[in-house]
> 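Right, I'll just put the structure down here and ask away after.
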Amino acid sequence: MTAARVFICCAVLLATAAASSSSTAAAAGGITRADFPPEFIFGAGSSAYQRMEESLVSGTRLRTQAILLMEQPEDVKLLQEMGVDAYRMSISWSRLIPDGRGAVNPKGLEYYNNLIDELLSHGIQPHVTIYHFDFPQALQDEYNGILSPRFVEDFTAYADVCFKNFGDRVKHWSTVNEPNIEPIGGYDQGILPPRRCSFPFGVLSCDNGNSTTEPYIVAHHLLLAHSSAVSLYREKYQATQGGQIGLTLLGWWYEPGTQAPEDEAAAARMNDFHIGWYMHPLVYGDYPPVMRKNVGSRLPSFTDEESKRILGSYDFVGFNHYVAIFVRADLSKLDQSLRDYMDDAAVKYDLPFLKSNNEFPLGLRNDFMTSTPWALKKMLNHLQEKYKNPVVMIHENGAAGQPDPSGGNTYDDDFRSQYLQDYIEATLQSIRNGSNVQGYFVWSFLDVFEYLFGYRLRFGLYGVDFASPERTRYQRHSARWYAGFLRGGELRPAAALPGGGAYSQ
């Protein structure tokens, strides 16, 4: 297993451990919320899969089982006390439509109606993702899920149910979460459901799939499903409901490992493969030229009608941003007769944090996520210059800690407060430089079940006592810090807060 593939295995989706060896210290304090535009949205988020118990709603069939319930109204009250403008949430497709299509589950409708109403009653905007990785098992069994073009029709019908039942109150819709990473994890490397891959590309042993073609097919269908849902919303609902709709991409920023021209070209190429994979069709109507060249006939084509539908199919674009990743050129990969997504990009990773035996260092410290806010600024500038400066929502940004080895609750997370300060400041600097960023959401509101790391990593502003049958919530220092900023306090180092400790890297 190559170092690059070990890296993707452990970093895909959350990018939690792809921290670079360089960092940027937080600037001096003095920034307040009032420095942001009046309409700027601050929030926190989580997803349905990661916070709900399947057993709580009869008839629900998910591909995998989730863990933690979003309580009402207790958790919403915590959000209000923290002072957020919005809560980013997702709807579980299987909870709403247990068979993936057809009959709607009344208990699912009741749950989401109650949650949305509870948020609004506390002055909190619901920002809703329609599909956040939790694909219905029934449709996976029936036609191999997203691999089939039938997915587009079923997804559009599911989105219609969401718009019809919740759109009178939900004004911010994201169709799909991170469609530029799910195809790689699930259909190239086989580490995510439905765990399809082919030798020699899979990180895990897969006995089905085709890593050279399926990631591109799945991404294509996700993009078609997105544009179909947007067309439906605009034609049938937007005029009367008055909402906005977009999608949410993973926003790793790829940086050259050296100043050599070939490595600078490699980083630009990887950003095209990662961000441009979706942004180029949305803004220009087709995949990036470098993908057309390197992938060739394995990259699906759009009909003229599909291209027109995709072009401009967003009111905003969400980005989940955590880290910078350093790459170098490896053009020899293009000489291989059999290539997957990573080979098509023709890069290799510059990973100084890998152990000598290529084992990924999962024994991580609480402050392991190196702060690289300059990478966020570079990504936003890239969107500004290359993709016509779209409206951007930073839908996820945050840092993870580990559970207390003694089994106790972890209150002291000043490393997280410092990390958030770095990125909030970088966001403001980007706005002042002309970027059209209009929202920032911390990942995550609560500790949740992380896709690859389970409960080994905790992202929550509020901790969850998983040893308690009630899953008791408790306030971490970072929640106090964020609340202080949101209520008008200065953006200042966490160590300066009452009770705060020193931050170290």
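Computed from a predicted structure; not experimentally measured.
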> Minimum heavy-atom separation for Asp447 and Gly460, please, with both atom names.
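Heavy-atom minimum between the residues: OD1-N, 2.9 Å.
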> Suppose we screen for side-chain hydrogen bond (donor to acceptor under 3.5 Å, both in side chains). Which residues come up paired with Thr156, at least two apart in sequence or across chains?
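So Thr156 forms a side-chain hydrogen bond (donor to acceptor under 3.5 Å, both in side chains) with Ser228.
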> Hey, could you give me the CZ/CG distance between Arg95 and Asn105, rounded to the nearest 0.5 Å?
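Spacing of CZ (Arg95) from CG (Asn105) equals 8.5 Å.
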> What residues, two or more places apart in sequence or in another chain, satisfy side-chain contact (heavy atoms from CB on, under 4.5 Å) together with Asn210?
Ser198, Thr212, Thr213, Glu214
> Can you tell me how far apart CD1 (Ile325) and CE (Met270) are? Round to the nearest 0.5 Å.
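If we round to the nearest 0.5 Å, Ile325:CD1 and Met270:CE are 8.0 Å apart.
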> Would you call the rings of His220 and Tyr287 parallel, tilted or perpendicular if under 30° counts as parallel and over 60° as perpendicular?
tilted
> Specify the closest pair of heavy atoms between Ser148 and Tyr143, including all atoms of both residues, with the distance to one decimal.
CB-O, 3.3 Å
> Applying ring-ring contact (aromatic ring centres under 6.0 Å, His included), name anything that partners Tyr341, two or more places apart in sequence or on another chain.
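Result, ring-ring contact (aromatic ring centres under 6.0 Å, His included) vs Tyr341: Phe273, Trp277.
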> At what distance, to the nearest 0.5 angstrom, does CG of Leu139 lie from CD1 of Ile97?
9.0 Å
> Quick one: closest heavy-atom pair of Phe316 and Met393, and the distance?
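Looks like CD1-CG, 4.0 Å.
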> Taking the ring centre of each residue, are Tyr278 and His226 less than 6.0 Å apart?
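Ring centroids of Tyr278 and His226 are no less than 6.0 Å from each other.
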> Under the salt bridge (Lys or Arg N to Asp or Glu O under 4.0 Å) rule, what pairs show up with a residue in residues 272-287, not counting sequence neighbours?
Asp272-Lys386, Asp286-Arg292
> Using the ring centroid of each side chain, check whether Phe163 and Trp173 are separated by less than 6.0 Å.
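When the ring centroids of Phe163 and Trp173 are compared, they turn out to be within the sub-6.0 Å range.
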> Filter on disulfide (SG to SG under 2.5 Å), then keep only pairs touching residues 128-203, sequence neighbours left out; what's left?
Cys197-Cys206
> What residue pairs, at least two apart or across chains, pass salt bridge (Lys or Arg N to Asp or Glu O under 4.0 Å) with a residue in residues 299-317?
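For residues 299-317: Arg234-Asp315.
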> Excluding sequence neighbours, so at least two apart, what forms side-chain contact (heavy atoms from CB on, under 4.5 Å) with Tyr474?
Asn409, Thr410, Tyr411, Arg476
> Give me the ring orientation class for Tyr387 and Tyr284: parallel if the planes are under 30° apart, tilted from 30 to 60°, perpendicular past 60°.
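Rings of Tyr387 and Tyr284: tilted, as their planes differ by 30° to 60°.
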> Is there any salt bridge (Lys or Arg N to Asp or Glu O under 4.0 Å) pair reaching into residues 146-175, and which pairs are they, with sequence neighbours excluded?
Arg101-Asp154, Asp117-Arg169, Glu142-Arg150, Asp160-Lys236
> Would you say the rings of Trp253 and His321 are close, in the sense that their centroids are separated by under 6.0 Å?
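Here the rings of Trp253 and His321 have centres that are no less than 6.0 Å from each other.
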> Locate the shortest heavy-atom distance separating Ile217 from Leu147; write the atom from each residue and the value.
CG2-O, 3.8 Å
> State which residues pass side-chain hydrogen bond (donor to acceptor under 3.5 Å, both in side chains) with His395; sequence neighbours excluded, sorted by chain then number.
Thr248
> Looking at every heavy atom in both Leu247 and Pro179, which two are closest together, and how far apart are they?
CD1-CG, 4.1 Å
> Checking His127 now: which residues fulfil ring-ring contact (aromatic ring centres under 6.0 Å, His included) with it, not counting sequence neighbours?
His172, Phe441
> Which residues satisfy the side-chain hydrogen bond (donor to acceptor under 3.5 Å, both in side chains) test with Asn271, sequence neighbours excluded?
none
> What's the shortest heavy-atom distance between Ser478 and Leu461, and which atoms?
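Smallest heavy-atom distance, with atoms named: OG-CD2, 3.5 Å.
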> With sequence neighbours excluded, what pairs up with Phe151 under the ring-ring contact (aromatic ring centres under 6.0 Å, His included) test?
Phe135, Phe155
